[in-house]
Amino acid sequence: MQRFQLILLQVWQEACRHIEIFRSCSAISELLLPHLPVEQVLICVYDAERSYLETIAVGLSPGRQLPAGQAPMPAKLWQTLAKRFETAPLFHCSEKDANDLMLLTDDAAAADTLIGRLGAPHQISGLLIIIAREGQYFNQQHRNMMEALLDPFTVALENDRRIRELAALRETAEAEKKSLMQRFYRQSLENPVVGAEHGLAVVMERVELVARSDVPVLILGETGTGKELIAREIHRRSARAEGPFIRVNCGAIPPELIDSQLFGHEKGAFTGAVASHQGWFERAHTGTLFLDEIGELSQAGQVRLLRIIQDGWLERVSARQPIHVDVRVVVATHRDLAEMVRRGLFREDLWYRLAVFPILLPALRDRTEDIPALANHFAERAAIRFGLPPQMLSAGDIELLKHYHWPGNIRELGSVIDRAALIGNGAGLEIGKALGFLDDDRVKMNDKSFKTDGSAMLPLDEAIRRYIIAVLQRCEGRVEGPRGAATLLRVQPNTLRARMRKLKINWTDYRPQP
């Protein structure tokens, strides 16, 4: 009994120590493995909208294979399962039950399995599924211990749900703040279009033409060329200028949350939907919705987007009545959408809807005449941000900047000027040293050529992948926090995770081994 109480105390400590559910599950599983015949510990939630049971946290014994992330589960089967929990919070799962759940791997379907409810009998928030090692079985003592573990696992799941809600609320507040700033034209004052008379003259002519209408606009260009700035300029010059401007990064939205984020949901639509939620389209009503990285949108999201562009009607998740919205859609991408259409990765009908009026932004290396004005603009901004005396760039500094290839375009130029201002510490701008930090013994500059490791140039995605890996190695696999990779790269953690998923980078590979 004393050993059991000690284990239970340690489990409670781990459940309350971690914020993310997968960390709690992993830590608790490590505590259980030496004392119980446990092979897998799974925490699952049920998506009523899609009739799917989703595994959100896994604890495994060494050498065990991960189960599928999602498994179809008819609503009737879920209701039957819920009725069983009305009489007992934990029960043995028969072989038939395991096959019906379709959650376990084939070799585990016949293993001894316990299923417990997380939450109250009439308000189940999730399932705890515990699978025994091959050839071993749970006895009554094991069942008693597992039943005592339901409460700490419920607390861990609730902590995870609340932190996700807080993140969504923070994102909503930031979007509303941006909308208010746009209403008072603050955004246009903070981000002037530098180069409108020179390198962007043709672009600004097209902006002036299309701003008067409500047709969708497709902005094309490499990463960091200023696609969002041009989208804001289209909005500012349009009849919708007093309406909201909402920016959504399609690559940062998990596929399972696309409907909820874009179109909203009703209260009780799924586990954790404690209140009705307006989607981005509703928030952008009478204004402009800017969908950045549209090439990252899933096939399911593309279908829903096509419909709303066609007729302006949307339906919240679990809503009974459609809602009409008046939104001007502007999309942007650095990817070749035409090639994606040819390969079947992007819907052809959506492509024709979006490509009514394309605008191609030139790379910074193709508009070097704008570099002096851009660099001085960023230098003034850096002086204000860092509380330093304003500094002007010398002719030599300008030449250094003009001879650099700028794979990150204007965004990279802004970072270089910020770094040069910080290194100079008020005495001047150290452009040469700032560019040297970017080299990191991998990037070599020779006139207007740009080579890596003395060989042929790398594709942009591969260069970005290598750079992110280098930063993760330096941060020991940390993504968030003051010493995390997102902070060093000056991006939102969700944006960085979306880019890592796309580039197939697993940040856990770069954590120190115990």
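Worth saying up front: this structure is predicted, and the values here are computed from it rather than measured. Numbering starts at 1 and runs along the sequence shown.
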Residues forming a salt bridge (Lys or Arg N to Asp or Glu O under 4.0 Å) with [X], sequence neighbours excluded:
| X | value |
| --- | --- |
| R474 | none |
| R465 | none |
| R335 | E296 |

Quick one, R497 and W507 - any side-chain contact, counting heavy atoms below 4.5 Å?
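Side-chain contact under 4.5 Å: yes.
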Do T333 and L337 come close enough that some side-chain heavy atom pair is under 4.5 Å?
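Heavy-atom side-chain distance check passes, below 4.5 Å.
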With sequence neighbours excluded, tell me which residues meet side chain to side chain donor-acceptor pair (under 3.5 Å) with [X].
| X | value |
| --- | --- |
| R237 | E208, E233 |
| E158 | R161, R162 |
| T495 | none |
| D292 | R247 |

Counting only N and O atoms by type, is there a donor-acceptor contact under 3.5 Å from the side chain of T368 to the main-chain atoms of R365?
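Not a single qualifying donor-acceptor pair exists.
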Pairs satisfying salt bridge (charged side-chain N to carboxylate O under 4.0 Å, His left out), at least one member in residues 348-362, at least two apart:
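Checked against salt bridge (charged side-chain N to carboxylate O under 4.0 Å, His left out) - neighbours excluded - the pairs reaching residues 348-362 are R347-D349.
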Can you list, pair by pair, the side-chain donor-acceptor contacts under 3.5 Å of residues 194-207, counting residues two or more places apart and other chains?
{"from": "R206", "atom 1": "NE", "to": "P358", "atom 2": "O", "distance (Å)": "3.2"}
{"from": "R206", "atom 1": "NH2", "to": "P358", "atom 2": "O", "distance (Å)": "2.7"}

Option passing side chain to side chain contact (heavy atoms under 4.5 Å, CB included) with I359 (candidates I234, V330, L220):
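Considering I234, V330, L220, a side chain to side chain contact (heavy atoms under 4.5 Å, CB included) with I359 is found only for I234.
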Tell me, which pairs form a ring pair (Phe, Tyr, Trp, His ring centres under 6.0 Å) where one or both residues lie in residues 287-310, sequence neighbours left out?
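The answer is none; no pair qualifies.
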Pair listing, ring pair (Phe, Tyr, Trp, His ring centres under 6.0 Å) test, anchored in residues 317-343, at least two apart:
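Passing the test, one end in residues 317-343: W313-H324.
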Sequence neighbours left out, what passes ring pair (Phe, Tyr, Trp, His ring centres under 6.0 Å) with F378? Give chain and number order.
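If we apply the ring pair (Phe, Tyr, Trp, His ring centres under 6.0 Å) test to F378, skipping adjacent residues, there are no hits.
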To the nearest 0.5 Å, how far apart are CD1 in I505 and CD1 in I464?
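Reported to 0.5 Å precision, the distance equals 9.5 Å.
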